[in-house]
Amino acid sequence: MQRAAPQDFDRVLSSMCTEPHPAAREAAERFLATNPGDPGTYQTVARLEERAVELLGEITALDDPAGYITSGGTEANIQAVRIARNYVDADEPNVVVPESAHFSFTKAAEMLDVELREVPTTDYRADVAAMADVVDANTVGIVAVAGTTEYGHVDPIPALADLAEDAGALLHVDAAFGGFFLPFTDIEWNFAHAGVDTMTIDPHKAGQAAVPAGGFLARSTDYLDELTIDTPYLESESQFTLTGTRSGAGVASAVAAMETLWPDGYRDQYQASMDNAHWLADRFEERGYDVVGPELPLLAADVSLELVEQLRDRGWRVTKTGSGEMRVVCMPHVTRSMLRTFVADLDWF
Ligand code: 0PR
């Protein structure tokens, strides 16, 4: 039987995953048989995970960061909702999110028996006044998105932090996508800019680590205590992660990627990806399409469904937003020459 090969990335415009940095790939391979879920036995990878959290703290301007490397943004968002539910007293807890929030919050709400209050956005961003209208005494958490999945927009995080504080609720920032781009912008999004309590920031997206390596950060270990359960037969006594056995490859690759790329490599990548996104936006606009973005390296254009299908038939991996625009994510594997080929195909139809 022929050996299966993964897809190559040369027509992938749909994915927030990307080619891992060579150092991340090498580290992942070395740590394949390690389990940071058992730090007593796998001590080296456990120390690497502490280093990963320290580096994520630098990237997000958090002194003494608490947190861990998750299986992805979904797990980190679930943990954030779980902390808010357990930390804040409420009879019937609810979490208020902009409708642009990732569907992982729907999973979290269902599993944790928390009501999810989804509030329409204005100009692709959280509408603070509209969110304030649905906040009540049972609100335990408010979510802000720093780089939305569909449009790459960033919510007004300081204003949402104030809203959370007034409500006695926690503020969670979902920077799963944006976290490795935002340090190079003047947007206010991090722990120093506002009263952010918890954050999702994924090395396996723009951090250029191998999958799986999500990131969860908390301002204080008190928040992690809300998640802690006893682990009587392990050398360690308790665990705050959602999963048990975890990927040491993900942890090691996240550290390798961040040590190699933070900050200069990520800055260069941000600039290259933004340049590409602007270049593509200009090409769409020249052709008469309406474009949303790019605020981060992600844009949406009102290309017809028929054209999207034709591009897919030519091998392009592109996705549609909920409102029907074509969405292009300019991840590190997306180069200018790849985009030129894409535009040539766009013109061919
Ligand atoms: N938060 C935000 C803002 C996200 O965009 C995503 C994923 C998540 C959380 C969840 O992260 P995990 O998928 O790591 O659990 N958004 C990506 C997207 O919809 C997921 C993805 C990634 C989809 C790679 C396709 C793909 O090839 O684009």
Side-chain angles (χ1 to χ4, degrees), residues 6-20 56 60 68-81 95 97-109 111 116 118 121 124-126 141 143-155 157 160 172-182 187 189 196 198-217 241-243 246-247 250-251 253-254 273 277 293-300 312 316-323 325-334:
Q7 87 303 319
D8 46 48
F9 272 106
D10 62 1
R11 292 199 167 207
V12 175
L13 298 175
S14 55
S15 186
M16 285 187 181
C17 296
T18 194
E19 194 72 71
L56 287 172
T60 60
Y68 72 101
I69 297 299
T70 64
S71 55
T74 297
E75 179 181 341
N77 286 342
I78 292 169
Q79 294 285 67
V81 174
V95 170
V97 306
E99 68 184 353
S100 52
H102 187 256
F103 53 75
S104 45
F105 291 101
T106 310
K107 298 180 185 177
M111 281 190 289
L116 195 66
E118 292 177 275
T121 52
Y124 309 100
R125 256 181 261 283
V143 171
V145 190
T148 58
T149 308
E150 291 196 318
Y151 298 102
H153 277 47
V154 181
D155 290 333
I157 289 167
L160 289 171
H172 175 65
V173 171
D174 181 358
F177 170 64
F180 286 88
F181 296 123
L182 285 160
I187 298 172
W189 68 287
V196 177
T198 56
M199 187 181 288
T200 297
I201 168 171
D202 286 350
H204 73 195
K205 296 190 172 77
Q208 299 176 47
V211 178
F216 178 71
L217 290 177
T241 57
L242 194 57
T243 53
R246 296 187 294 123
S247 173
V251 168
S253 78
S273 294
E295 179 160 314
L296 292 176
L298 195 172
L299 59 143
R312 282 183 179 155
W316 292 102
R317 306 270 54 91
V318 280
T319 46
K320 304 280 292 178
T321 65
S323 320
E325 298 113 333
M326 182 171 74
R327 164 182 173 270
V328 173
V329 194
C330 292
M331 294 303 286
H333 64 267
V334 175

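Please read these numbers as outputs of a predicted model, since none were measured by experiment. Counting convention: from 1, in listed order, for ligands and their atoms alike.
Defined by atom type and a distance below 3.5 Å, a donor-acceptor pair is present between the side-chain atoms of Gln79 and Tyr68.
Using modelled atom types, one side-chain atom of Glu99 and one backbone atom of Thr121 make a donor-acceptor pair closer than 3.5 Å. Panel note: side chain Asn77, backbone Phe105; no donor-acceptor pair is recorded below 3.5 Å. Between the side chain of Asp202 and the main chain of Gly215, a donor-acceptor pair closer than 3.5 Å is present.
The pair Arg246-Glu75 does not meet the salt-bridge criterion, since no charged nitrogen lies less than 4.0 angstrom from a carboxylate oxygen.
The contact shell of ligand 1, taken as protein residues with any non-hydrogen atom closer than 4.0 angstrom, comprises Ser15, Met16, Cys17, Gly72, Gly73, Thr74, Asn77, His102, Gly147, Thr149, Asp174, Ala176, Asp202, His204, Lys205, Arg327.
Arg317 meets the side chain to side chain donor-acceptor pair (under 3.5 Å) test with no other residue; sequence neighbours excluded.
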